[in-house]
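What follows is a single structure, written as structure tokens, with notes after it.
Treat the numbers as computed from the prediction; the structure is a model and nothing was measured.
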Amino acid sequence: MDILIKQVRLNDGEALQDIAIEDGKIINIASAINDSAKEVIEGAGRVLIPGLVESHIHLDKALIADREPNKSGTLKEAIEVTAKLKPTFTEEDVYNRAKRALEMIIRHGATTVRTHAEFDPAQGFTGFNMIMRLKEEYKDLIDMQVVAFPQEGIFKTPGTEKMMYEAMDMGADIVGGIPYNDAPANEHIDLIFKIAKKYGKDIDLHQDFADEADDTSIEYLCEKTIKENYQGRVSVGHLTALHAMSKEQLARVIKLMVAAKINVMPLPATDLHLGARNDEVNVRRAVTPIRKLRDAGINICLATNNIRNAFTPYGNGDLMQIAMLAIPVGHLGGADDLPTVLPMITENPAKALGLKDYGIEIGKQADLILLDTKIKADAIIDLPERLYVIKNGRVTVKVDTKVTIHR
């Protein structure tokens with residue numbers, strides 16, 4: 001076989017296991033495997049998990065915070081600053097920044113990523129083209145889904161509708177949209193569904209990113225999803241307006257979301273940074289109500305969104321740090337809650353992204369991470385080093401650590 005991983009912990013309270021890998025697949029899982037292998041990795045009781053799934057990120061506008069700061073810290077200024085900068089992006093610039101950001105998330109254990117790639121008449125397909133190039137160049141290190149994303153809106157930015165179809169013809173995997181930044185929002189949603197059905201693609205929207213719940217379109221989106229028989233094929237990022245809804249309104253919306261099987265990507269690093277900027281007392285978290293959505297059975301997928309730009313002026317591409325941030329923000333630190341967090345960056349986003357060959361089972365694709373911790377329940381709160389990252393049965397990242405405390 002190609003790789004034999006010895007004595008790893010798959011679940012707390014269970015016996016340690018050996019994992020055999022050949023031709024990119026897991027071919028055996030047993031308490032002891034004695035066959036020879038080209039490479040043997042000693043797990044020594046450490047936790048083995050499936051590869052992390054980064055379900056919502058913007059690689060094309062990463063690492064630009066130093067060019068034009070968002071001084072107010074508001075969503076409005078973040079959009080304005082980024083719109084001002086985008087026409088200055090060259091292909092070389094986007095390629096180099098996106099490559100650096102991509103390698104950040106690979107180094108931290110992401111084996112699949114869904115990235116939104118922007119275009120509009122002002123910048124053309126500069127960023128989109130470079131993301132498509134990186135998708136091909138890095139296919140041995142990470143699987144990439146590219147979302148055709150009209151950040152500046154469609155109807156309010158003439159020429160963008162035509163570019164949406166062109167992006168799909170150029171190979172985009174997912175149809176993206178941003179109803180809250182276009183008018184009217186419901187017609188924006190209708191057009192996104194029209195395009196998605198034409199190409200047989202899933203939908204991923206930036207949805208109801210606001211401090212208040214005065215003008216939301218999530219209910220219309222759910223009704224449209226059910227009408228078009230797209231249940232389970234629609235994902236939404238942000239959805240922060242839900243935190244401002246009354247108990248009765250939220251219950252109604254959650255019921256609709258469950259029926260439509262909407263996947264939700266909370267983006268705590270961005271939403272905390274931009275949200276509730278006008279609150280002077282009792283400043284709100286301004287993050288979608290993760291616990292209530294989770295408890296209703298909605299598929300929750302924690303994601304990064306941005307790395308060091310006007311929307312999120314920090315970050316290092318570590319999805320586990322995003323999950324750690326979500327624990328106090330979402331009140332997920334209880335004994336019964338902690339075990340639900342790791343799936344929010346593994347199994348849950350794998351489901352949302354439609355990954356059919358994911359997980360630690362015989363016959364599944366060997367996308368794995370060996371963590372430097374021996375308790376799976378502590379896999380997030382330990383923020384463990386990712387000692388080995390394996391993609392398609394090949395070691396892609398290896399980290400050697402030696403820590404000495406001098407007394």
Side-chain angles (χ1 to χ4, degrees), residues 51-71 73-75 77-79 81-86 88-90 92-118 123 126-128 130-135 137-138 141-147 149 151 176 178 204 206 209 237-238 240 265-275 287 301-326 329 344-345 349 353 380 383 386 389 397:
L52 302 183
V53 180
E54 174 59 78
S55 57
H56 184 124
I57 198 168
H58 296 260
L59 295 173
D60 54 348
K61 57 186 182 187
L63 306 171
I64 56 172
D66 58 339
R67 300 185 185 182
E68 184 86 24
N70 175 2
K71 294 182 179 180
T74 62
L75 173 60
E77 186 173 350
I79 293 174
V81 164
T82 307
K84 178 181 176 182
L85 286 175
K86 280 192 294 187
T88 71
F89 294 169
T90 64
E92 181 182 16
D93 171 41
V94 174
Y95 176 82
N96 289 332
R97 287 187 293 98
K99 179 179 178 180
R100 283 172 57 202
L102 187 60
E103 291 184 353
M104 284 180 176
I105 69 172
I106 290 170
R107 179 258 181 271
H108 287 111
T111 55
T112 302
V113 58
R114 175 179 284 185
T115 181
H116 297 255
E118 297 181 21
Q123 69 162 332
T126 300
F128 181 86
M130 292 303 98
I131 296 301
M132 294 300 291
R133 174 182 168 184
L134 286 167
K135 176 183 178 179
E137 290 183 4
Y138 276 77
L141 294 171
I142 192 166
D143 294 326
M144 186 184 296
Q145 294 182 1
V146 179
V147 183
F149 180 53
Q151 170 73 71
I178 185 165
D204 196 322
H206 287 54
F209 190 13
H238 299 292
T240 57
M265 283 77 167
L267 310 168
T270 298
D271 299 343
L272 282 168
H273 176 69
L274 297 176
V287 176
C301 317
L302 298 169
T304 299
N305 192 42
N306 283 294
I307 300 174
R308 304 185 192 185
N309 64 14
F311 294 86
T312 319
Y314 41 71
N316 64 355
D318 188 348
L319 197 52
M320 283 211 172
Q321 287 194 8
I322 296 296
M324 182 64 232
L325 178 61
V329 169
M344 293 179 186
I345 56 174
L353 271 59
I380 300 295
L383 291 174
R386 273 117 276 184
V389 180
V397 177

Which atoms form the tightest heavy-atom contact between [X] and [Y], and what is the distance?
X      : Y      : answer
Leu319 : Val53  : CD2-O, 3.4 Å
Leu302 : Ser55  : O-OG, 4.1 Å
Leu134 : Ala98  : CD1-CB, 3.5 Å
Val146 : Ala117 : CG1-CB, 3.8 Å
Thr126 : Thr90  : CG2-C, 3.7 Å
Ala310 : Val81  : CB-CG1, 4.0 Å

Atom pair [atom1]/[atom2] of [X] and [Y] - distance to nearest 0.5 Å:
X      : Y      : atom1 : atom2 : answer
Asn305 : His116 : CG    : NE2   : 7.5 Å
Asp143 : Lys135 : CG    : NZ    : 9.0 Å
Leu75  : His273 : CG    : NE2   : 10.5 Å
Leu52  : Thr304 : CG    : OG1   : 9.5 Å
Thr111 : Ile105 : OG1   : CD1   : 9.5 Å
Met130 : Asp60  : CE    : CG    : 11.5 Å

Exercise for the section: Determine the interplanar angle of the His206 and Phe149 rings, folded into 0 to 90°, and report it as parallel if under 30°, tilted if 30 to 60°, perpendicular if over 60°. Expected result: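 Ring orientation, 0 to 90° scale: parallel.
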When you compare the side chain of [Y] with that of [X], does any pair of heavy atoms fall below 4.5 Å?
X      : Y      : value
Val329 : Asp271 : no
Lys71  : Glu77  : yes
Asn309 : Thr82  : no
Asn96  : Arg100 : no

Exercise for the section: Return yes if a side-chain donor-acceptor contact under 3.5 Å exists between Gln151 and Lys86, otherwise no. Expected result: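 Gln151 vs Lys86: no donor-acceptor pair found between side chains.
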Practice task
Would you please say whether a donor-acceptor pair under 3.5 Å links the side chains of Tyr314 and Gln321?
Solution key: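 The answer is no; no qualifying pair exists.
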Exercise for the section: Under the side-chain contact (heavy atoms from CB on, under 4.5 Å) rule, what do Ile131 and Met144 come out as? Steps first, then yes or no, please. Expected result: CA-CA 9 Å; Ile131 296 301; Met144 186 184 296; 3.9 Å; yes
Problem - Close aromatic pair by centroid cut-off 6.0 Å: Phe311 and His58 - result: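 For Phe311 and His58, the ring centres are not under 6.0 Å apart.
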Treating [X] as the side-chain partner and [Y] as the backbone partner, does any N or O pair qualify as donor plus acceptor under 3.5 Å?
X      : Y      : answer
Gln145 : Leu353 : yes
Arg97  : Ala62  : yes
Thr115 : Leu59  : yes

Handout entry: Name of the residue among Leu274, Ile178, Leu267 meeting side chain to side chain contact (heavy atoms under 4.5 Å, CB included) with Phe209
Key =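 Looking at Leu274, Ile178, Leu267, the match for Phe209 under the side chain to side chain contact (heavy atoms under 4.5 Å, CB included) is Leu274.
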Problem - Short N-O contact, Arg386 and Asp318, less than 4.0 angstrom - result: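 A salt bridge links Arg386 with Asp318.
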Practice task
Please step through side-chain contact (heavy atoms from CB on, under 4.5 Å) for the pair Ile345 and Ile380, ending with a clear verdict.
Solution key: CA-CA 10 Å; Ile345 56 174; Ile380 300 295; 3.8 Å; yes
Practice task
Could you please spell out the steps behind the side-chain contact (heavy atoms from CB on, under 4.5 Å) verdict for Met104 and Leu63?
Solution key: CA-CA 11 Å; Met104 284 180 176; Leu63 306 171; 4.1 Å; yes
Problem - Verdict with reasoning, Arg308 to Asn316, per side-chain contact (heavy atoms from CB on, under 4.5 Å) - result: CA-CA 8 Å; Arg308 304 185 192 185; Asn316 64 355; 4.2 Å; yes
